[in-house]
Amino acid sequence: FEKGERLTVKYNIEPSDLTPTIYVGETMNVFELYNFIEREKSRGNSKIDVYLVVLYKRFSNPISAFILTIIAVAVSAMKRRGGMGINLAIGISIAFAFIFFDKIFVNLAEKSSIPPLVAVWLPNVIFGVLAYYLLKNAKR
């Protein structure tokens with residue numbers, strides 16, 4: 001290089017790439033998140049499963065709410081001697097079990113080899129079958 005000559009280097013990064021991206025997926029809408037995932041895949045990001053879980057949870061959470069509502073209706077329809085206390089305990093226990101399974105499978109998807117789509121939807125499938133069983137056997 002001669003004296004006074006400047007060297008120009010171009011990097012393929014944006015200012016947003018320099019910020020922590022731990023929770024960035026939760027702040028985007030679905031289209032932005034999908035484009036972000038595609039961009040991170042092309043860059044070879046190893047933590048892509050975290051963003052895929054966020055994307056899939058956007059669609060599975062409304063179904064989860066519906067399934068838990070069906071379970072609540074079925075449990076509340078059970079008639080038992082001694083009042084509704086046992087039904088309330090059963091309902092709360094099922095809700096806690098759902099949350100527990102949901103968190104376990106999300107962590108497995110983010111940190112192991114379980115596909116994120118399977119991990120996000122498996123609790124819905126399991127508790128959907130339970131909801132169907134409870135609804136069919138609820139006293140009318």
Side-chain angles (χ1 to χ4, degrees):
F1 298 106
E2 294 181 23
K3 188 173 184 178
E5 188 177 336
R6 298 186 125 194
L7 177 66
T8 304
V9 178
K10 293 189 177 189
Y11 295 103
N12 190 18
I13 62 171
E14 299 172 9
S16 63
D17 295 335
L18 301 174
T19 60
T21 58
I22 297 171
Y23 300 108
V24 73
E26 295 165 356
T27 63
M28 299 177 183
N29 65 35
V30 175
F31 303 110
E32 291 171 341
L33 182 58
Y34 182 76
N35 290 334
F36 176 77
I37 289 170
E38 290 302 316
R39 188 172 71 232
E40 292 300 308
K41 277 184 186 177
S42 69
R43 291 180 178 174
N45 189 342
S46 63
K47 298 199 181 253
I48 200 73
D49 288 344
V50 173
Y51 306 118
L52 287 172
V53 166
V54 171
L55 179 66
Y56 297 145
K57 290 296 269 178
R58 301 262 173 108
F59 299 103
S60 74
N61 280 342
I63 305 301
S64 300
F66 181 72
I67 289 170
L68 290 175
T69 302
I70 297 297
I71 290 173
V73 167
V75 169
S76 69
M78 292 182 207
K79 302 290 185 208
R80 299 194 191 276
R81 292 179 60 160
M84 295 294 289
I86 192 72
N87 291 358
L88 185 60
I90 291 170
I92 291 173
S93 299
I94 291 172
F96 280 136
F98 177 83
I99 293 168
F100 176 75
F101 278 108
D102 186 52
K103 295 297 179 191
I104 291 295
F105 281 113
V106 164
N107 284 331
L108 285 174
E110 291 175 354
K111 296 177 176 53
S112 74
S113 62
I114 294 178
L117 184 66
V118 172
V120 167
W121 283 97
L122 194 59
N124 283 346
V125 171
I126 293 169
F127 283 85
V129 170
L130 176 64
Y132 178 77
Y133 173 78
L134 289 173
L135 196 59
K136 282 295 181 186
N137 292 328
K139 295 184 180 180
R140 302 188 189 270

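Everything numeric here is computed off the predicted structure, so don't read it as measured data.
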Of all the heavy-atom pairs spanning N124 and S60, show the shortest one and how long it is. ND2-O, 3.3 Å
Please report the shortest heavy-atom distance between L55 and Y34, naming the atom on each side. CD2-CD1, 4.5 Å
With F36 as reference, evaluate E32, E38, E40 under the side-chain contact (heavy atoms from CB on, under 4.5 Å) test and give the passing residue. E40
Please check if F96 and L88 belong to a single hydrophobic cluster, counting links between Ile, Leu, Val, Met, Phe, Trp and Tyr side chain heavy atoms closer than 4.5 Å. yes
So if you build clusters from Ile, Leu, Val, Met, Phe, Trp, Tyr with side-chain heavy-atom gaps below 4.5 Å, do I92 and V75 land together? no
Could you go through F127 and I71, starting from their C-alpha distance and side-chain angles, then the distance that decides it, and tell me whether this counts as side chain to side chain contact (heavy atoms under 4.5 Å, CB included)? CA-CA 8 Å; F127 283 85; I71 290 173; 4.2 Å; yes
Go through the steps for I48 and I37 under the test side chain to side chain contact (heavy atoms under 4.5 Å, CB included), then give the verdict. CA-CA 7 Å; I48 200 73; I37 289 170; 3.9 Å; yes
Minimal heavy-atom distance between V53 and P116, with the atoms involved, is CG2-CB, 3.8 Å
Closest heavy-atom pair and its distance - E110, D49: CA-CB, 4.5 Å
With side chain to side chain contact (heavy atoms under 4.5 Å, CB included) as the criterion, how do M28 and N35 come out once you've worked through the C-alpha distance, each side chain's angles and the decisive distance to 0.1 Å? CA-CA 10 Å; M28 299 177 183; N35 290 334; over 6 Å; no
Decide yes or no for L122 and I114: does some side-chain heavy atom of the first lie under 4.5 Å from some side-chain heavy atom of the second? no
Could you check whether any side-chain heavy atom of F59 comes within less than 4.5 Å of a side-chain heavy atom of V30, counting everything from C-beta outward? yes
Identify whether I67 and I104 are in the same connected component of the hydrophobic contact network (ILVMFWY, side-chain heavy atoms under 4.5 Å). yes
Distance col, row L130:CG vs F98:CZ, nearest 0.5 angstrom, shows 11.0 Å
L68, I63: one ILVMFWY side-chain cluster at the under-4.5 Å cut-off? yes
Closest heavy-atom contact between Y133 and N137? CE1-ND2, 2.7 Å
Grab the two heavy atoms, one from Y56 and one from W121, that are nearest each other, plus how far apart they are. O-NE1, 4.5 Å
Decide whether V129 and M78 are clustered together by the hydrophobic rule: side chain heavy atoms of Ile, Leu, Val, Met, Phe, Trp, Tyr closer than 4.5 Å, transitively. no
Could you measure the distance from the OH atom of Y51 to the NZ atom of K41? Nearest 0.5 Å is fine. 13.5 Å
